[in-house]
Novice: 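Sharing a structure, written as structure tokens. Questions coming.
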Amino acid sequence: MYKNFISDVLEEGVMLDEIEDYVEKWHTSEDMEMTLKEFIGLDNYEYEMWLKEGDDILRDVLYCRRHGLELKNYYSMSDEDRLAARSYDLNAVKEYKNNGK
């Protein structure tokens with residue numbers, strides 16, 4: 001059973017650059033019963049940001065999904081907090097906070 005693009009990336013190994021294929025499939029399918037938002041697997045905020053910012057935000061969506069974060073909350077974080085959320089190297093986070101690097 002088909003889930004959605006985001007699930008296919010996270011669970012099935014589909015590559016991010018295949019998004020265009022999914023959008024084209026949605027546009028050309030005669031029996032599509034899902035909205036594009038559902039077919040891609042985005043919530044309202046993620047979909048709005050995707051329409052505004054383009055495919056680049058999909059990396060952030062995937063990151064947030066993997067780590068149980070909401071994209072809206074992730075985008076409201078300071079750069080330092082985002083770095084900390086993405087980092088597995090606590091020393092790098094401490095150095096950035098101390099030195100701004």
Novice: Would you check if the side chain of Glu12 reaches a backbone N or O of Val9 as a donor-acceptor pair within less than 3.5 Å?
Specialist: no
Novice: Taking atom SG of Cys64 and atom NZ of Lys72, what is their separation to the nearest 0.5 Å?
Specialist: 13.5 Å
Novice: Might you confirm whether atom CD of Glu70 has over 12 heavy atoms from other residues, nucleotides or ligands at distances under 6.0 Å?
Specialist: no
Novice: Could you check whether any side-chain heavy atom of Val61 comes within less than 4.5 Å of a side-chain heavy atom of Asp43, counting everything from C-beta outward?
Specialist: no
Novice: Kindly determine whether Asn4 and Tyr22 satisfy side chain to side chain donor-acceptor pair (under 3.5 Å), including the steps that lead there.
Specialist: CA-CA 9 Å; Asn4 58 56; Tyr22 278 70; over 6 Å; no
Novice: Taking the side chain as every heavy atom from C-beta outward, state whether Tyr63 and Leu71 have any atom pair closer than 4.5 Å.
Specialist: no
Novice: Would a 4.5 Å heavy-atom cut-off, applied to side chains only, mark Asp55 and Asp17 as touching?
Specialist: no
Novice: Are any side-chain N or O atoms of Glu53 and backbone N or O atoms of Trp50, one a donor and one an acceptor, separated by less than 3.5 Å?
Specialist: no
Novice: Show your reasoning for whether side chain to side chain contact (heavy atoms under 4.5 Å, CB included) applies to Leu42 and Leu36.
Specialist: CA-CA 9 Å; Leu42 302 173; Leu36 180 58; over 6 Å; no
Novice: Could you tell me which non-hydrogen atom of Met32 sits nearest to which non-hydrogen atom of Phe39, and how far apart they are?
Specialist: CE-CE1, 3.6 Å
Novice: Check for a donor-acceptor pair, side chain of Ser29 on one end and backbone N or O of Lys25 on the other, with a separation under 3.5 Å.
Specialist: no
Novice: Could you report the tightest heavy-atom contact between Glu18 and Phe5, atom names first, then the distance?
Specialist: C-CE1, 4.0 Å
Novice: Can you measure from CD (Glu46) to CD1 (Ile57) and round to the nearest 0.5 angstrom?
Specialist: 6.5 Å
Novice: Can you find a pair of side-chain heavy atoms, one from Tyr75 and one from Met49, that are under 4.5 Å apart?
Specialist: yes
Novice: Around atom CD of Glu11, are there more than 12 heavy atoms from other residues, nucleotides or ligands closer than 6.0 Å?
Specialist: yes
Novice: Check Trp26 against Met34 and note the closest heavy-atom contact, atom names and distance.
Specialist: NE1-O, 2.8 Å
